[in-house]
Q: 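Below: one structure in structure tokens.
Here is the naming used below: chain letters follow the sequence lines, and residue numbers restart at 1 for every chain.
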There are 2 protein chains.
Amino acid sequence: MSATSERRERDRAHRHRLIITAARELAEAEGWDAVTTRRLAERVEYSQPVLYSHFDGKDAIVGAVALDGFGELATHLRDARQGAAEPGSALRAVCGAYLDFATARPALYQAMFTLPTDLKFASADTPPPLRACFDEFVACYRADNERRELHAEVVWSALHGMAVLSASGRIPPSWREERLDFLDARLADTPA
Amino acid sequence: MSATSERRERDRAHRHRLIITAARELAEAEGWDAVTTRRLAERVEYSQPVLYSHFDGKDAIVGAVALDGFGELATHLRDARQGAAEPGSALRAVCGAYLDFATARPALYQAMFTLPTDLKFASADTPPPLRACFDEFVACYRADNERRELHAEVVWSALHGMAVLSASGRIPPSWREERLDFLDARLADTPA
DNA sequence: GAACCCAGTATAGCGGTGCTAGACATCCTG
DNA sequence: CAGGATGTCTAGCACCGCTATACTGGGTTC
């Protein structure tokens with residue numbers, strides 16, 4: 001029983017990932033409106049009910065894509081922070097990387113922040129990748145800064161606001177760099 | 001022909017508003033998912049096609065509700081700014097009023113910022129109420145500040161980010177005041 | 001005053017949605 | 001090799017946004 005059931009479980013996990021990546025590719029190619037359960041099923045070459053044996057519903061699929069996105073965003077931010085020439089420029093680098101991510105993968109960003117998902121953010125069971133993203137902002141402040149978490153929250157809020165307001169054309173995309181410089185100048189850690 | 005047709009036009013305008021307020025009330029009571037064209041038609045006691053004689057589609061109805069929201073937000077922000085004891089506390093008052101509005105009317109705020117609408121924000125034809133909201137932030141900075149518009153954009157972005165991130169439970173709602181104080185302290189106009 | 005006309009309304013229906021019950025096949029187990 | 005569990009598909013439900021078509025009742029004209 002073990003060998004075959006193990007293989008089945010592998011196949012199942014493989015198909016699980018297949019559904020997630022197919023949903024993401026379809027969304028990035030044609031937008032989330034095009035991601036219907038029928039089209040998704042057709043794309044993975046299974047019938048609709050199979051999707052429901054892997055996920056509780058469409059929202060859960062979107063949530064799985066979003067979770068992937070948080071994982072990628074976390075590494076993206078970490079790379080930017082660690083690649084900064086000096087500690088003082090870490091925040092600026094992370095902020096730029098954040099907006100890059102949001103504009104480069106709009107569909108993914110949409111799944112992470114504006115689409116209805118099954119992701120729970122209630123309390124201690126925050127998904128680790130989401131926490132990892134937040135921690136990248138926190139890490140831009142000195143450890144002895146008692147309010148570094150609060151600062152990180154505000155920075156993240158500002159970046160998210162800039163991302164969605166510029167994506168919907170409510171603020172002009174032209175002065176992106178100036179906004180980022182301003183944000184960095186005003187919200188960065190005060191040097192010791 | 002004039003008297004009756006004028007009355008008809010009045011009736012029509014009245015019904016136009018009836019649809020908008022019905023959509024808004026339904027959304028605020030049961031969320032936007034519950035606002036379907038059928039339920040909305042039933043609520044205004046007309047049949048579905050009547051909605052389409054007033055609006056291009058559901059998105060346009062949401063857009064009309066959103067436009068109402070921007071008008072209300074503008075006056076709300078103006079009241080807060082003008083009610084500030086001294087010019088130096090205007091920004092703080094406006095920011096507080098903004099978050100109050102977002103948390104007090106979540107469905108309305110959703111229509112204004114996250115739902116798909118027909119509102120055009122492309123270029124010069126920005127809807128006046130939206131421009132009025134933005135101008136309230138600008139007015140919190142001195143007129144000789146050359147970058148007051150840029151500052152206003154960043155403040156608005158931060159507030160919007162705080163509104164949606166706390167509404168979705170990604171940042172804790174507890175430290176709201178501290179975040180606002182921090183935002184005001186760092187982003188306010190530098191005194192002359 | 002009667003015939004006409006037309007704006008405005010409702011009925012009924014189209015193609016699509018997310019989701020699921022039941023029939024069916026396929027493979028492991030005893 | 002039969003029995004049973006596992007897994008998949010077909011078919012369909014209730015609902016969605018939206019619209020073509022039929023109808024009706026008031027205003028206009030002869």
Q: Take nucleotides 5-14 of chain D nucleotide by nucleotide from the 5' end and write B, S or -, depending on whether a protein heavy atom sits under 4.0 Å from the base, only from the sugar-phosphate, or from neither.
A: -S-SBB-B--

Q: Return the value, rounded to whole Å, for the distance between atom CG of A/Asp56 and atom P of C/dG18.
A: 16 Å

Q: Grab the CG-P distance between B/Asp33 and D/dC16 for me, whole Å please.
A: 10 Å

Q: Would you say B/Thr36 reaches D/dC16's phosphate, i.e. side-chain N/O to OP1/OP2 under 4.0 Å?
A: yes

Q: Under the criterion side-chain contact (heavy atoms from CB on, under 4.5 Å), I'd like the reasoning laid out for A/Ser157 against B/Ile171: C-alpha separation, chi angles, the key distance, then a yes or no.
A: CA-CA 9 Å; A/Ser157 296; B/Ile171 59 177; 3.8 Å; yes

Q: Measure CZ/B/Phe55 against P/D/dG17 and give the value in whole Å, please.
A: 15 Å

Q: Within this structure, what is the NZ-to-C1' distance between B/Lys58 and D/dC15, rounded to whole angstrom?
A: 12 Å

Q: Nearest whole angstrom, please: distance from the C1' of D/dC16 to the OH of B/Tyr52.
A: 9 Å

Q: Given atom CG of B/Asp59 and atom C1' of D/dG17, what is their separation to the nearest angstrom?
A: 10 Å

Q: For a quick test of reading the model, state the closest non-hydrogen atom pair linking A/Gln48 to A/Ala41 and the distance between them.
A: N-CB, 3.7 Å

Q: Does the pair A/Ser168 and A/Arg170 meet the rule for a side chain to side chain donor-acceptor pair (under 3.5 Å), with working shown?
A: CA-CA 6 Å; A/Ser168 62; A/Arg170 280 160 167 93; 3.0 Å; yes

Q: Can you find a pair of side-chain heavy atoms, one from A/Val155 and one from A/Tyr141, that are under 4.5 Å apart?
A: yes

Q: Figure out the CD1/C1' separation between B/Ile61 and D/dC16, and round it to whole Å.
A: 14 Å

Q: Please lay out, stage by stage, how B/Val154 and A/Arg186 fare under the test side-chain contact (heavy atoms from CB on, under 4.5 Å).
A: CA-CA 11 Å; B/Val154 175; A/Arg186 295 295 185 104; over 6 Å; no

Q: Heavy-atom count check: over 12 atoms from other residues, nucleotides or ligands less than 6.0 Å from B/Gln82 CD?
A: yes

Q: Using OP1 and OP2 only, check whether a side-chain N or O of B/Thr37 sits under 4.0 Å from D/dC18.
A: no

